[in-house]
Structure formats: C-alpha cells, structure tokens
K.L.:
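One structure is given below, represented as structure tokens, and several questions about it will come after.
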Amino acid sequence: MQKRNLVVIGNGMAGARAVEEILARGGAEQFEISMFGDEPYGNYNRILLSNVLNGSQSESEIYLNPLDWYRENGITLHAGVQADSILRKSKCVLGCDGTIEAYDKLIVATGSRAHIPPISGLTLENRQYKPGLFVFRTLEDCREIAEYARERGRAAVIGGGLLGLEAARGLQNFGVAVDVIHLGPHLMGQQLDAPAGAILKASIEKLGIGIHLSKNTMAVLGEDRVTGLAFSDGTTLAYDMVVIATGITPNAEIAKRCGLKVERAIMVDDHMRSVDDPDIYAVGECAQHDGRVYGLVSPLWEQAKVLADQITGRNPNAEYHGSKIATKLKVMGIEMASLGVPEPQDERDEIVQFTEPKKGTYKKLIIRDGRLTGGILLGDIGKAAYLMQAFDRGTPLPEDRLALLFDIGAPAKKVSLEEMPADAQICNCNGVSKGAIVGCVKRGKRSPKAAMDATRAGTGCGSCKSTVTELVEWACGGAVEEDPSVHYYVPGVPLTKPELIRACREQNLKSVSAVFEVLAGGIEDAASKPGLASLLNTIWPGEYEDQRDARFINDRVHANIQKDGTFSVIPQIPGGVTSPEQLRRIADVAEKYQVPMVKLTGGQRIDLLGVRKDDLPKMWRDLDMPSGYAYAKRYRTCKSCVGTEFCRFGLGDSTSLAIKIERELQGLDSPAKLKLATAGCPRNCSEAMVKDAGAVAVEGGKWEIYVGGAAGAHVRKGDLLCVVDSHEAVIQYIGRFIQYYRENAKYLERTYGFVQRIGIEKIRAVVVEDSEGIAARLDEELQKTSAAYRDPWKEAFLPATPNQFASLLPVIQ
Amino acid sequence: MTDTTTEVMVGPVDEIPLGEGRTFAVGDERVAVFRTRSGQLFAVQAECPHKRGPLADGLLGGTTLICPLHSWKFDLRSGEALMGDCGLRTYAVRADEAGQIIVSMG
C-alpha cells in the first residue's frame with residue numbers, strides 16, 4: 001500500500017504523544033510522518049520545567065523524546081522550524097524557512113503560549129521585553145530566568161495559580177526574595193475554594209514567600225530594565241525581576257488563517273477532527289472540545305488516543321467525550337488533590353467538609369446524587385487515590401461520609417513512598433525493589449502497566465499492584481500515563497467487557513480466533529486468549545467453538561503444571577467426603593505411577609503431585625473419578641464441616657449442602673477461580689466467611705450467605721448477601737450471584753475485588769431483590785452452562801488434539 | 001549457517017495442533033516446534049532460560065510465546081526475550097512438500 005503523508009505541526013507533549021500513539025497502532029506502515037517544532041530539540045516534559053528551575057532535575061532528565069527517537073522511528077523532524085501556514089487547497093504546510101510538506105492527514109498540536117495580561121511598560125522601544133521581565137513556558141525561558149536571577153535581590157511572580165507558585169518556589173532557590181502577585185481573592189482559584197486558598201497562603205508564607213491577593217498589576221516600572229510594579233490601588237513595589245505566569249493562550253492563529261473555525265481554540269468534534277476539514281485534526285491545548293480547552297496533561301493523553309484510533313482506523317468507534325479533571329499536585333512541598341469543581345454548582349449538592357488550619361489540613365467533597373462531583377484535599381491526601389477513582393468512574397459513594405475523609409481505626413499510616421529506601425522490596429513474589437520500578441519509569445515506562453510488564457512487579461499474586469501503581473504515579477511526577485488496556489477486558493482487544501460481549505453477540509463471534517479476526521485487526525495476543533475463551537464459553541453456553549490453543553496448559557491437559565513441568569492430579573471429592581474404597585483406589589494409583597508426593601489440599605481433597613504429562617490419561621482411567629478442577633479459572637471446590645451429621649454443635653447440614661453445590665457448579669468456568677465453603681454453625685470451621693461464596697448455618701433453620709470473601713494474597717471477610725431457610729435457596733442465590741459475577745467481572749478479578757467494586761448493596765439489589773429484572777435469566781443461563789458440563793478427564797479415552805498428553809515426541813530417523 | 005548444519009525430519013505437520021507447540025527429541029537435543037494459527041512453523045530450545053519451563057506448553061499468539069511457568073515472553077522469530085532478560089536459541093524450520101517438518105540443527 002502506498003504510504004500516506006502525515007504532517008504534525010507542533011512537537012510538544014501533545015504532538016509527540018499523538019505520534020507515539022499512532023506508531024503504537026501500526027501507524028508507521030500507513031504513514032510517512034513529518035513534524036514541525038518551534039523549539040530546536042526533541043520533546044520534553046513541560047510539567048517538570050519547574051523542577052529544572054528549582055534545580056531538582058537537570059534539562060536532560062526531562063526529555064521525553066530525544067532526537068534519536070525521531071530518527072529511529074523514521075520521522076522527519078523540522079526542529080526549530082515554525083510552521084508558517086496551512087494551504088488547505090493544495091494540502092501542504094509551509095515552514096518559516098521555506099520547507100514545504102504535503103499532507104494527506106494533518107495534526108495541529110501547536111499548544112499554547114503564556115497569556116500576557118494588559119499591563120503597560122512590558123516592552124522597550126524595540127518591542128522586546130524589558131530585561132528582567134519573563135514568561136515561564138519553555139526550556140529557554142527557564143534558562144533565561146535562572147541566568148538573570150543570580151545576584152538579584154527581589155523578584156515578583158504575577159499569577160498565583162499552580163504555575164506561578166511553582167515559579168516562585170524555583171526562584172527562591174536562587175536566593176532572591178519572592179512575592180506572588182495575584183489578581184484573584186485567593187490562590188489557585190481553578191483548584192481551590194477560599195478557605196483552602198487561605199490555608200495554602202499561610203503554609204506558603206511560612207516558607208518565606210510574600211503573597212499579595214486581589215492585587216491588580218497596572219504597569220511594569222523601569223526605563224531600560226525592570227525596577228518594580230505599579231498597582232491599581234496606587235501602590236508600587238520595587239523588584240529586580242518579574243515572571244508572568246497568568247495562564248495560557250492557545251496557539252490557534254495558524255488554524256484561523258487557513259479558515260478553520262476557532263473560538264478560544266480550534267474547534268474539534270468527538271474524533272478530535274476539526275469541524276471544518278476531515279483531513280485536519282487538532283489535539284492538546286490548541287484544541288477546543290465541547291466548549292472546553294484543557295491545560296492539563298491527562299486530557300491530552302485521552303485525546304491523543306482517540307485521535308490515533310481514528311487516524312489509523314484501528315478503532316473507528318473511538319470517541320472523546322471530554323475529560324474529568326482530577327489531579328494530585330505538590331505545590332512547594334504541600335500535597336493537594338483537586339477533583340472537578342471547587343464549589344457546589346447546584347442547591348442539591350451536598351458538602352462534606354473538614355478544616356484544621358493549624359496543621360494546614362483541609363478537606364472538602366461535593367456530592368450530588370450520591371456521587372462525587374468535586375473536591376479538595378489539602379495537607380493530608382491519604383484518601384486521594386480512592387476519591388479520584390470514585391470521581392473518575394462516577395461510582396456511588398458509601399453512606400458513611402466520614403469514612404470518605406478519614407481512615408478511621410486504620411493502622412498507622414504506611415511509610416510514604418518518598419521515605420521508602422530504594423532497595424525496599426515492593427513485589428514480594430518477583431523480588432522487585434522500589435529502585436527498580438523508579439528506574440524503569442525514568443527509562444520511559446510511564447504507565448503502571450508498562451512498568452509492571454517491564455519489571456514483572458505485580459505479576460505474581462497481584463497483591464502489590466496498588467502500591468506499584470502509586471509508585472509509578474509518584475515517580476512520574478504527575479506525567480503518569482494511563483494504559484487504556486486497563487479498562488479492556490483483555491489487553492489485546494480494545495473493548496471493555498460490556499462492549500466486547502455486545503460485539504460478540506451482535507457479530508456472532510463464537511471462537512477466540514474469530515474475535516481476534518473481527519475485533520482486533522487480526523492480531524492475536526497470547527495473553528488475551530484464555531480470558532476470551534472463558535468469556536465466550538460464558539456467553540455461548542453449549543455453542544462456544546473451543547480452540548485448544550486458546551487455553552492455558554492446565555486447561556489443555558486438565559491438571560496443574562508444577563515447577564518442573566510435571567502436573568498434579570486432584571480427583572473430585574465433593575464436600576470432602578470420601579470412602580475407604582475410594583482411598584484404596586487413590587493409593588493404588590499413587591503406587592502404580594510412583595507419584596512422588598501425596599498431599600491433602602486446603603480444599604479437602606487429595607493431591608497426587610509430580611505426575612508426568614504422559615501418565616495423566618492412564619491415571620484418570622485407573623482412578624475412575626471425575627476431575628476436581630484444581631487447576632483452572634473455574635469453580636474449584638466447596639469445603640464443608642461435618643455439620644449436623646456428627647458435630648454436637650451443628651445447626652445445619654453443611655456436608656450435603658456442599659455436595660449439592662458441587663454437583664450444581666462443577667467445572668463452571670469463571671473470570672477467576674471460585675472457592676466455596678459451607679459451615680454448619682457460626683464457629684465457621686470450614687472458613688465459609690472468607691470464601692468467594694459461603695453459607696453458614698444459624699439457629700432457626702436458616703443459612704447466611706456470604707460473598708466476596710478471601711483468605712489468600714488478600715484477606716477479606718465476605719459481605720452478607722442474604723439469609724435464607726433452605727438448601728435450595730442457598731444454591732439458587734449463590735448460583736445467581738456467581739452468574740452475575742461471571743457476566744460482569746473483569747478477567748482474573750476475584751469476587752473480593754468484584755464485590756468491592758460493585759458494592760454489596762447493588763449486588764443484593766440485583767441478586768436478591770431482582771431490581772433489574774434479570775434474575776430469571778441469570779438462573780437460566782447458569783442452568784444451561786451446568787447442563788453442558790462434561791468431565792474433562794473423559795478425554796483419557798478420546799484425546800482432543802494430536803499428542804495432547806505427550807511430553808516429548810521421538811524423532812523417527 | 002555453517003557447513004555442520006544438518007537437516008532433521010521430525011515428523012508430520014499434523015503432529016502439532018494449530019496454535020500450539022510440541023517438544024521433539026532430536027539426538028541429544030530437545031527442540032520445541034510451534035505451528036501458528038496462520039500455519040507458520042518456528043523451532044526454539046525446549047526449555048525456558050528462566051526456570052526451565054516447558055515452552056511447548058506455553059501460550060502462542062501470533063509469533064509471541066508465553067512460558068507457562070512465570071510468563072516470560074519471547075518472540076519466536078528471533079528468540080528475543082520480550083519480558084525476561086535472556087533470549088532463546090532458534091532453529092531454522094520448514095515443512096517439505098509431503099508436509100514433514102524439517103529442523104536445521106547445528
């Protein structure tokens with residue numbers, strides 16, 4: 001295929017990011033890419049400029065894409081060449097040095113420049129800024145400020161927003177006395193309300209920085225260089241230098257000149273395409289979507305992804321619907337988090353607030369219809385991660401508002417990430433240290449998933465994933481990237497679980513290879529196969545087209561692979577109830593095949609370990625027992641105590657209940673393994689309260705049903721779903737809960753995560769109260785799957801694939 | 001290729017189901033041969049360099065292989081490790097007109 005020309009105007013964070021996203025979608029095969037960049041270097045992280053100014057990072061540390069990156073990816077970079085005009089009729093871009101680049105598709109990513117308020121006396125007669133007057137926007141600005149600040153006495157920063165405060169802190173490091181001059185009534189008006197602004201002001205003043213609020217700068221004083229500022233209240237103050245940090249103005253002139261519609265910035269649709277020309281896209285601070293222009297980095301990442309999906313045709317359904325702004329910031333060492341709007345917008349809005357000015361702590365949440373619409377955390381941001389997630393996803397908040405602001409009764413706060421030594425082990429399964437993860441982020445793995453893939457941290461039991469995620473966010477210093485695949489059901493198909501289920505149903509996709517073919521551009525992803533197989537079997541019970549290569553080895557040979565490549569054989573023993581005859585048979589088989597270890601499992605069964613793959617079918621035949629499924633992302637087992645049969649405390653017949661449950665759910669595949677238990681009394685000997693689902697007999701012939709418990713890498717007591725009065729009802733509600741989980745959980749999401757994510761109230765409403773009217777359907781789907789059960793160990797007589805159980809094939813010479 | 005290369009016929013292509021791998025004993029060596037869903041053949045060392053996992057039991061997607069033990073990832077074309085820090089030895093492999101798999105050893 002003839003490659004098309006893609007021209008990108010702008011080589012800042014938006015332009016370079018859009019190109020990275022395009023390359024990640026195979027764009028190098030579709031496009032010849034060329035880029036225009038005003039600045040004579042590769043792309044750097046503008047967010048970290050204040051670190052360069054305050055000396056905590058060097059210039060070289062903040063480059064995102066050095067010049068080599070462009071060469072390696074075959075991109076022509078016109079570095080230091082400003083694009084002069086876009087000729088839409090002849091479809092080309094003219095550079096100010098005479099360069100001409102023809103385009104088939106054009107991306108405008110010209111970003112923004114410092115906004116200059118109407119102040120007199122900014123320039124000399126030659127229209128250059130007066131010496132001592134600066135804006136704070138580029139690496140060059142940063143160098144000039146640093147150069148000039150040495151050996152000066154007093155500096156002013158105009159603008160008390162985030163950037164202004166960071167500039168002030170940076171200037172302080174050069175030994176100058178710094179004042180912040182702010183037009184608004186309180187600092188950081190975008191993110192904070194008045195009380196928070198006041199607390200921040202007090203904290204900053206303690207650092208020795210002067211703050212002047214509601215102060216309107218009229219003029220820069222000085223004949224041939226800056227000597228001071230004059231204000232509308234008639235006062236003047238003497239300064240040797242002034243930095244203007246009063247916001248941004250989108251660079252939209254080039255677009256306006258070629259006739260594209262521009263209000264505050266270039267107007268784009270949900271595909272990030274200009275509203276006038278289907279071949280021109282805009283992204284980042286120069287783009288206006290649905291009336292909004294974003295000056296933060298996370299919306300830009302979201303826009304770049306949609307743009308790349310569209311321009312490469314990888315996902316024609318991708319749309320940008322605006323961004324919810326939630327950020328964690330650190331301003332002069334003061335931690336804060338800002339979510340959405342800082343003030344209520346409606347009289348229905350509920351406000352939850354806490355102030356402790358002496359400690360510099362302020363917390364405020366704005367809640368509408370039980371969901372978070374805004375918030376401020378200042379000083380103590382311990383709850384930020386939870387709140388930001390609840391805000392972003394719009395999940396309902398718990399009734400206990402106090403718990404939103406504080407961890408009540410929680411153990412003492414963990415060591416902060418900053419205090420943690422570099423050799424502290426974060427991932428205990430794979431032995432990955434803090435230093436290794438931070439190093440990996442510095443080398444460009446800026447999303448939690450990329451860092452986990454590269455270091456393998458979090459890929460063992462998974463219990464450290466949230467710490468790894470926080471660490472990556474911390475190490476990125478605000479420039480964290482979200483890997484879109486975290487929302488996908490499996491990483492290799494760009495759809496969430498509901499979208500994927502809909503697509504499979506609508507397009508009648510019944511095999512894993514068909515899903516890759518139709519929904520992933522024909523690209524197979526090995527890691528995604530087992531998850532797809534599980535899902536397809538759930539949505540097409542009895543009709544799913546099984547492809548054995550989509551299964552993990554355990555599911556191909558119906559046994560659990562061990563460290564030496566041998567397998568373990570665990571026959572089904574429902575309820576843990578066996579017999580002398582059965583035990584004798586198991587013993588005979590263990591002897592006959594010289595099984596190196598016979599062990600009782602935690603699930604009340606017997607494990608024969610160290611079995612060669614070739615012996616599996618023979619052993620199954622000799623055992624003549626069904627598979628216990630102790631190897632799969634499926635229903636595993638249901639433990640029980642002896643219940644009423646022998647126990648003098650027993651209140652309910654837990655043993656026969658466990659056996660009935662096993663008959664109902666055996667072999668059921670699910671997003672992750674399912675371990676159940678039944679207990680004959682609240683002493684809970686079979687640990688039913690910490691199982692994916694458990695039933696506990698209580699006095700009065702009743703059973704309590706618990707769901708979402710765990711006692712593995714994560715320990716959680718299950719939530720009480722309901723209390724019922726018969727075995728049949730236990731089986732019905734547990735079954736319905738499991739079917740709901742099968743249809744809605746992410747792949748490998750255990751029930752403890754699922755129940756926490758959805759909330760027990762919602763689950764109870766659906767499963768017990770049938771609030772969505774789907775209970776009958778859930779029961780029926782489960783019945784269908786249950787009816788399709790077939791003992792996989794029957795493959796001992798009829799293998800499913802050639803050499804299914806051969807560990808080594810001889811070569812016939 | 002050096003002149004010590006020998007070609008070994010290891011068996012018919014249908015010995016390996018589509019999208020899977022099988023391990024073959026070739027003299028003293030063990031070679032894992034894979035057949036992708038698109039019908040391509042690849043041959044690499046049989047054991048993972050990490051903890052000796054049986055690579056033929058791995059998950060194959062396109063030309064990427066995931067070891068069944070600790071999910072090290074490899075590109076079967078080059079043997080390069082995509083996740084993990086040591087790559088695989090690769091062998092040239094093809095199918096002849098009669099559908100026999102031929103591995104070049106040495």
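Any value given below was found using the heavy atoms of this structure, including those in side chains, with hydrogens, waters and symmetry copies removed. Chain letters run A, B, ... following the sequence lines, proteins first and then strands; every chain starts at 1.
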K.L.:
So, taking the atom named CG in A:Asp549 and the one named CZ in B:Arg35, what distance separates them when rounded to the nearest 0.5 Å?
P.N.:
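So the gap between those two atoms works out to 10.5 Å.
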K.L.:
Which atoms form the tightest heavy-atom contact between A:Ser513 and B:Arg37, and what is the distance?
P.N.:
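Here A:Ser513 and B:Arg37 meet closest at CB-CD, 4.0 Å.
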K.L.:
Counting N and O atoms only, with roles assigned by atom type, does the side chain of A:Lys529 sit under 3.5 Å from a partner on the main chain of B:Leu60, one being a donor and the other an acceptor?
P.N.:
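Yes, A:Lys529 side chain to B:Leu60 backbone: donor-acceptor pair under 3.5 Å.
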K.L.:
Please determine, among B:Ile66, B:Val33, B:Thr63, the option with the most heavy-atom pairs under 4.5 Å with chain A.
P.N.:
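The answer is B:Ile66.
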K.L.:
Measure A:Ser528 against the heavy atoms of chain B and call it side chain, backbone, both or neither at under 4.5 Å.
P.N.:
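Answer is neither: A:Ser528 stays 4.5 Å or more from chain B.
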K.L.:
Under 4.5 Å from any heavy atom of chain A, what part of B:Ala56 do you find: side chain, backbone, both or neither?
P.N.:
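B:Ala56 touches chain A through backbone heavy atoms alone.
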K.L.:
Relative to chain A, which segment of B:Leu18 carries a heavy atom at a distance below 4.5 Å: side chain, backbone, both, or neither?
P.N.:
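For B:Leu18, the contact with chain A is made by the backbone alone.
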K.L.:
Measure from the side-chain N and O atoms of A:Arg456 to the backbone N and O of B:His70, and report whether any donor-acceptor pair falls under 3.5 Å.
P.N.:
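Flag set: sc A:Arg456 to bb B:His70 pair under 3.5 Å.
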K.L.:
Once you round to the nearest 0.5 Å, how far does CD1 of B:Ile16 lie from CG of A:Asn803?
P.N.:
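Between B:Ile16 CD1 and A:Asn803 CG, I get 8.5 Å after rounding to 0.5 Å.
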K.L.:
May I ask you to name which of B:Leu65, B:Leu59, B:Thr64, B:Asp85 has the most heavy-atom pairs under 4.5 Å with chain A?
P.N.:
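Sorted descending by pairs with chain A, the first entry is B:Leu59.
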K.L.:
Measuring heavy-atom distances to chain A, does B:Asp14 have an atom under 4.5 Å in its side chain, in its backbone, in both, or in neither?
P.N.:
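The backbone, not the side chain.
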K.L.:
To the nearest 0.5 Å, tell me how far A:Asp564 CG sits from B:Leu69 CG.
P.N.:
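Going from the CG atom of A:Asp564 to the CG atom of B:Leu69 covers 9.0 Å.
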K.L.:
Rounded at 0.5 Å granularity, tell me how far OG in B:Ser71 sits from CG in A:Asp453.
P.N.:
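The CG atom of A:Asp453 is 10.5 Å from OG of B:Ser71, to the nearest 0.5 Å.
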K.L.:
Hey, does B:Pro54 have a side-chain heavy atom less than 4.5 Å from the side chain of A:Ile561?
P.N.:
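A side-chain contact under 4.5 Å exists here.
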K.L.:
Report the distance from atom OG1 of B:Thr36 to atom CD of A:Glu524, rounding to the nearest 0.5 Å.
P.N.:
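The OG1 atom of B:Thr36 sits 7.5 Å away from the CD atom of A:Glu524.
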K.L.:
Does B:Arg22 reach the main-chain N or O of A:Leu808 with its side chain, forming a donor-acceptor pair under 3.5 Å?
P.N.:
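Side chain of B:Arg22 to backbone of A:Leu808: no pair is present.
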K.L.:
Taking side chain as everything from C-beta outward and backbone as N, CA, C, O, which of these in A:Ala454 sits under 4.5 Å from a heavy atom of chain B? Side chain, backbone, both or neither.
P.N.:
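Looking at A:Ala454, nothing touches chain B.
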K.L.:
Could you check if a side-chain atom of B:Val8 sits within less than 4.5 angstrom of a side-chain atom of A:Val811, using non-hydrogen atoms only?
P.N.:
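Yes. Closest side-chain heavy atoms under 4.5 Å.
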K.L.:
Using a 6.0 Å cut-off, check whether atom NZ of A:Lys497 has over 12 heavy atoms from anything other than its own residue.
P.N.:
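Above 12, so yes.
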K.L.:
Using a strict cut-off of less than 4.0 Å between a Lys/Arg side-chain nitrogen and an Asp/Glu carboxylate oxygen, indicate whether B:Asp57 and A:Lys613 qualify as a salt bridge.
P.N.:
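Looking at B:Asp57 and A:Lys613, the cut-off is met.
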K.L.:
Is the shortest heavy-atom distance from the side chain of A:Arg556 to the side chain of B:Glu20 under 4.5 Å?
P.N.:
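Side-chain contact under 4.5 Å: yes.
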K.L.:
Given a strict heavy-atom distance threshold of 4.5 Å, which part of B:Pro68 is in contact with chain A: side chain, backbone, both, or neither?
P.N.:
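B:Pro68 touches chain A through backbone and side-chain heavy atoms alike.
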K.L.:
Side chain, backbone, both or neither: which part of A:Arg548 has a non-hydrogen atom closer than 4.5 Å to chain B?
P.N.:
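Both parts, backbone and side chain.
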K.L.:
Any chance NZ of A:Lys465 has more than 12 other-residue heavy atoms, nucleotides or ligands included, within less than 6.0 Å?
P.N.:
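At most 12 heavy atoms, drawn from other residues, nucleotides or ligands, come within 6.0 Å of this atom.
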